[in-house]
Amino acid sequence: MTLKLNSAGILGLGYYVPEKILTNADIEKLVDTNDEWITERTGIKERRICAPEQATSDLALIAAQRALEDAKVSAEELDMIIVATISADSNTPSTACILQEKLGAKNAAAFDLSAACSGFVYSSAIATQFIETGVYKKVLVVGAETLSKFVNWEDRNTCIIFADGAGAAVFGVVEDGYGVLSFDLGADGSGAETIEIPGGGSRHPADQESIDNHMHCLHMNGKETFRFAVKAMGSTVIKSLERAGLTKEDIDYLIPHQANIRIIQSAAKRLHLPMEKVFVNIEKYGNASAASIPIALAEAEQEGKLKKGEIIALSGFGAGLTWASCIMKWAKED
Ligand code: UT7
């Protein structure tokens, strides 16, 4: 049984990407790769990289301020802040607490959520529960990453893909029948080693060996991730659709995690969606993990691609392994 007093949806969106652009030509100077290979195999042409003095909460702050402004909600009105990230300012306190202070959101509970690239959708599902049950009125969900600080810039398998950025959404009560209709969250910890930062935690605390072996950096089995992703991206959306009593044909627009253009195309094919109904910005921003979906969502909205009443699907996958999708009936006016 579910207790649903309100419909929960997005009231405002905002995003921020750092000014510095790193092109494929720039990466050619760092590792043995080339623009043609990166473009063909990933769809990425360039990505944004934060300044050395910028931490994840700095990116999150700008995205959050923009989302609050868009929602016409003040920081004091927020009941809860969730920051989805795998590149927190530090292990503790949470980046959400740092953000709460920077925003002046003194009435908000705050915590981080670690579900990698699925983190924004996981966090949105939590926000939805609090709003639907009437416990909270306004929840800020932010996906923010500074992955450039967790990349081994000698590893061509990862440094061509990962990037920095932040996207934010303010959740609140929306018109009945609009907003979040359903979601699907999943995990398979047997794939924990597929994408990981193996050092710096309690399993292998920081020491000389961990530094020498780049254990504080992202390690990824690209092929394994690819195989998992092409299945997960489509099948999670199908589960969410079923829960909402909808079918593939009902989707007006898909906002997928921007990991690899070939993964996005295969998900679109599985969902019988032409690419015109799929938002893609990977060529500009690369893969900013938890920030990828909210940046794409905010950009799609700014470009007038999301119309009130349309069925919007979000779909992500990532380290854990995790996957997550959500179906919304778009509640915001253009
Ligand atoms: O947010 C979730 C996180 N991650 C992902 O979604 C990543 C999913 N995986 C991928 O996107 C792809 O697996 C990669 C882009 C990482 C790699 O592409 P791939 O098509 O799986 O390449 P591969 O590892 O099978 O390598 C194919 C060839 C190899 O050469 P040979 O053995 O065929 O001669 C590699 O050595 O390409 C070579 N290669 C490269 N060449 C130029 C591998 N990486 C590069 C590179 N530049 N960066």
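Counting convention: from 1, in listed order, for ligands and their atoms alike. If you read the sequence from its start, that first residue is 1, and numbering goes on from there.
- Contact annotation: the side chain of I86 approaches that of L218 to within less than 4.5 Å [non-hydrogen atoms, C-beta and beyond].
- In this structure, R203 does not pair ionically with E196, as no charged nitrogen and carboxylate oxygen lie closer than 4.0 Å.
- Ion pairing between E132 and K4 holds under the 4.0 Å rule for side-chain N and carboxylate O.
- Among pairs with a residue in residues 54-71, those fulfilling side chain to side chain donor-acceptor pair (under 3.5 Å) read Y16-Q54, T56-T146, S57-D89, S57-K102, D58-K102, D70-K332, at least two apart in sequence or across chains.
- At a cut-off of 3.5 Å, with distance as the only test, a side-chain donor of T85 or E145 sits close to an acceptor on the other residue.
- The existence of a salt bridge linking D164 and R47 is excluded, since no basic side-chain nitrogen approaches an acidic carboxylate oxygen closer than 4.0 Å.
- A heavy-atom cutoff of 4.0 Å around ligand 1 is satisfied by the protein residues D32, T33, W37, R41, T42, C117, R156, N157, I160, I161, I195, M220, G222, K223, T225, F226, H257, A259, N260, R262, I263, N287, F317.
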